[in-house]
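Everything on this sheet refers to the single structure shown next.
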Amino acid sequence: MPAPRIKSPALLVAESGADREGHGLKRTMGLFQLICFGVGAIVGTGIFVGLSDSVAQAGPAVVVSFILAAITCVFTAFSFAELGGAIPVSGSSYSFAYAGLGESTAFLVGWCLLLEYGVSISAVAVGWSQYVNELLHSLTGVQLPAALSAGPGDGGIINLPAVIVIAMASVLLVRGVRESARATAAMAAVKLVILLAFCAIGYSAFKHGNLTPFSPAGLGGIGAGTTAAFFSYIGFDAITTAGEEAKNPRRDIPVAIMVCMGIVTLLYCAVALAAIGAIGGEQVAGRPAALSYVVNEVTGSTVGGGVIAFGAVVAIASVVLAVMYGQTRILMSMSRDGLIPRVFEKVNPKTSTPVAGTLIVAVVFALPAAFASLDAVMNLCTIGTLAIMAVVNIAVITLRRREPGLTRSFRVPLYPVGPLLGVGFCLYLMYETGWQTWIQFAVFLAVGLLIYAVYGRRHSTLAGAAPEVTPGAAAEREPQTV
C-alpha cells in the first residue's frame with residue numbers, strides 16, 4: 001500500500017509564503033479586523049432567521065441548545081486556534097488535514113467545505129431576501145412580488161435579492177481585502193448594536209411565565225434544537241482562512257477565534273431569552289423574520305421591526321461577504337496544490353485578490369440561491385461541517401505526535417481530552433441528523449472520492465514525488481498572477 005501523501009507544516013507555510021507575503025496576497029488585517037471578520041462570518045441568518053427553527057424544536061430550552069452547540073464548537077475552536085497559529089495559511093481545515101492526515105482526507109475536507117460554505121452562502125442569501133421584504137414592508141408598506149423574491153420551489157420564479165447580495169459581496173471581494181475588511185467591520189458593528197437594542201426591547205416585556213414549560217419536547221427536543229442551533233455557529237473557522245492576509249497570524253488568529261466564540265455565545269443566549277421571554281416560544285417558533293415580529297408585538301408599531309429588519313439586512317450581507325472570502329481562499333489553496341484547476345490559484349497583481357476564482361464562486365453559489373429550495377440539504381451541510389470539525393480535532397492529535405517541535409502560539413487546553421471531546425460532540429450531533437442524512441453524506445463523499453481519483457490525485461503537485469518536499473524548494477515557486 002503506497003504511503004499517504006502528507007505535506008509537513010513547514011512545507012505548507014513555505015509554499016504559501018505565510019511567514020512573508022502570502023502567495024501574492026497582502027497582509028492588511030490586524031486583530032480587530034479579524035475579530036470583526038469572525039463576527040461577520042458567524043452572526044447572521046442563524047440568529048435572525050434560524051432562531052425560530054431552533055425554538056420550534058427545543059422551546060425555551062433553546063438556550064441550552066445554543067450552549068451545547070457552543071460547547072461543541074469551543075472544543076473544535078481550540079483545535080482551530082492551535083493549528084491556525086501553527087500553520088497560518090489560507091487553506092484552513094483543508095491544509096490542517098493535509099498536514100495531519102494526508103492528501104485524500106484533505107481533498108474530502110475541501111469537498112465538504114465546498115458544501116458547507118456553498119450551502120451557507122446560498123441559504124444566507126435566501127434569508128437576506130426575506131428580511132429585505134420585511135424592511136420594504138416597514139418602510140413603504142409594499143413588498144417584492146413572490147415571483148421575484150422566491151425560487152420555483154417556494155412559489156416564485158427567481159429570488160432576485162439573493163442574487164443581488166451575492167453579486168455585491170463578489171464586487172467588494174474583487175476590489176481588495178482591505179475594502180472587504182472595512183466593510184465587514186462596519187457591518188459587524190451595526191448588527192451588534194441592533195441585537196443589543198433588540199435585547200433591551202425584549203427584556204422590557206420579559207415574563208417568566210413565557211419560559212414554561214421550559215423543555216416541552218424533553219431531551220430529544222434539546223438535541224434536535226442543538227443540531228439546528230449548530231448552523232448558527234458555522235463560520236468561526238473562516239478566521240483561519242485569513243492566515244496569509246493577517247499581519248500577525250500566529251498571534252492574532254487564535255485570539256480572534258476565542259474572542260468571537262465568547263461574544264457570539266453570549267449574544268445568542270441573550271437574544272433567545274429576550275425573544276421567548278417577551279412573547280413566548282410558541283409565537284417565535286417557525287415564524288419568518290422572528291426578531292422583527294417580536295419587536296412589533298412588544299412596541300405595537302412596525303417602526304422597531306423595521307429597524308431590526310435593517311440590522312438583519314446588514315448582518316446577513318456581512319455573512320455572505322465573509323463566507324465567500326473564506327471559500328475563495330480555500331479553493332486557492334487547493335488549486336495551489338494541484339487538486340483543482342489552476343484558475344482558482346491566480347491572483348490579480350492590481351487588487352491582490354483571486355478575481356477569477358471569486359467570480360466563479362459567485363456565479364456557482366448564486367444559482368441555487370436564485371432557483372433552488374435548500375431545506376433538503378441543510379442537514380447535509382450540517383453533517384459535512386461536523387465531519388470537518390472532527391477531522392481538525394484529530395489533526396491536532398496526529399500533529400502533536402508527528403511534529404512535537406512545531407511552533408505553536410496556542411495549545412489546546414486539557415490535551416488530549418479537549419480534542420477527543422471535540423470529536424465526541426461532533427459525532428453526537430452527526431448522529432442526531434438522522435440516517436437519511438448519513439446516506440446522503442455517504443453518497444456525497446463517494447462522489448468526492450471519485451473526483452479525487454479522476455482529477456485530483458493525478459494533477460497533485462505531489463504526484464510522482466515523495467510525500468515530503470523540502471521547504472526551500474517549495475519556497476522558490478512563484479505565485480501565479482493574472
Side-chain angles (χ1 to χ4, degrees), residues 4 6 8-9 38 42 63-88 92-102 105-106 108-109 112 116 219 222-223 225-227 229-240 243 249-266 268-269 382-433:
I6 294 176
S8 69
I42 302 170
V63 177
V64 179
S65 296
F66 273 125
I67 293 173
L68 290 176
I71 291 173
T72 301
C73 291
V74 162
F75 283 114
T76 303
F78 286 149
S79 294
F80 269 99
E82 175 170 322
L83 296 178
I87 313 174
S92 186
S93 46
Y94 156 77
S95 296
F96 305 156
Y98 214 148
L101 301 171
T105 302
L108 288 180
V109 167
C112 289
E116 174 192 344
L219 292 177
I222 293 175
T226 301
T227 303
F230 174 78
F231 187 78
S232 305
Y233 288 92
I234 290 178
F236 75 86
D237 53 321
I239 296 173
T240 57
R250 295 185 183 276
R251 182 200 68 186
D252 292 347
I253 285 177
V255 175
I257 290 174
M258 295 298 103
V259 171
C260 283
M261 288 304 299
I263 291 173
V264 169
T265 301
L266 291 174
Y268 282 176
C269 291
T382 296
I383 196 173
T385 304
L386 288 165
I388 293 168
M389 291 183 171
V391 168
V392 170
N393 282 296
I394 294 171
V396 167
I397 297 173
T398 58
L399 283 172
R400 282 282 189 103
R401 294 179 177 179
R402 189 186 304 126
E403 301 275 352
L406 181 66
T407 300
R408 294 172 170 88
S409 57
F410 176 89
R411 287 179 175 267
V412 173
L414 303 175
Y415 177 87
V417 176
L420 290 175
L421 285 174
V423 173
F425 276 108
C426 288
L427 291 176
Y428 167 70
L429 291 185
M430 289 173 73
Y431 168 78
E432 286 288 337
T433 60

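In this text the structure is predicted, and so the values were computed from the model without any measurement.
Closest of all the heavy-atom pairs between Pro88 and Pro249 is CB-CB, 3.6 Å. Closest of all the heavy-atom pairs between Phe75 and Gly418 is CD2-O, 3.6 Å. Nearest heavy-atom pair across Ala81 and Pro254 is O-CG, 3.3 Å. Of all the heavy atoms in Met261 and Ala77, the pair that sits closest is CG-CB, 4.0 Å. Nearest heavy atoms, Phe80 versus Ser92: CE2-OG, 3.8 Å. Contact between Val412 and Pro419 at its shortest, heavy atoms only, is CG1-CD, 3.7 Å.
Under a cut-off of 6.0 angstrom, the local environment of CG in Leu427 is crowded, with over 12 non-hydrogen atoms contributed by other residues, nucleotides or ligands.
The backbone N or O of Ala86 lies less than 3.5 Å from a partner atom in the side chain of Arg250, making a donor-acceptor pair. With Tyr233 contributing its side chain and Thr265 its backbone, the two residues share no donor-acceptor pair below 3.5 Å.
Under the 4.5 Å side-chain criterion, counting only non-hydrogen atoms from C-beta, Ile397 is in contact with Leu420.
Here OG1 of Thr385 is found 10.0 Å from CE of Met430. Values are rounded to the nearest 0.5 Å. Within the model, atoms OH of Tyr415 and CD of Glu82 stand 8.0 Å from one another, a figure rounded to the nearest 0.5 Å. Here the CG atom belonging to Leu83 is positioned 8.0 Å from the CZ atom belonging to Arg408, to the nearest 0.5 angstrom. Summarising the geometry, atom CG belonging to Leu421 is positioned 11.0 Å from atom SG belonging to Cys426; distances are rounded to the nearest 0.5 Å.
Residue pairs meeting the salt bridge (Lys or Arg N to Asp or Glu O under 4.0 Å) criterion with at least one partner in residues 411-430, sequence neighbours excluded, are absent.
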Considering only distance and modelled atom types, tabulate donor-acceptor pairs under 3.5 Å from the side chains of residues 388-396, sequence neighbours left out.
unit_1: Asn393; atom_1: OD1; unit_2: Ser79; atom_2: OG; d: 2.7
unit_1: Asn393; atom_1: ND2; unit_2: Thr76; atom_2: OG1; d: 3.1
unit_1: Asn393; atom_1: ND2; unit_2: Met389; atom_2: O; d: 2.9

(request) Take Cys73 and Phe425 through the side-chain contact (heavy atoms from CB on, under 4.5 Å) test and state the conclusion after the steps. (result) CA-CA 9 Å; Cys73 291; Phe425 276 108; over 6 Å; no
(message) As a quick check of understanding, evaluate side-chain contact (heavy atoms from CB on, under 4.5 Å) for Ile42 and Tyr268, giving each step before the final call.
(response) CA-CA 11 Å; Ile42 302 170; Tyr268 282 176; 3.6 Å; yes
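Remark: Ala99 pairs with Pro9, Leu12, Ile87, Leu399 by the side-chain contact (heavy atoms from CB on, under 4.5 Å) rule, at least two apart or across chains. Residues meeting the ring pair (Phe, Tyr, Trp, His ring centres under 6.0 Å) test with Phe78, sequence neighbours left out: none. Evaluation of the side-chain contact (heavy atoms from CB on, under 4.5 Å) rule for Leu429 yields Thr72, Thr226, Thr227, Phe230, Leu386 as partners, not counting sequence neighbours. Shown here are the side-chain contact (heavy atoms from CB on, under 4.5 Å) partners of Ala256, two or more places apart in sequence or in another chain: Leu31, Leu34, Ile35, Ile239.
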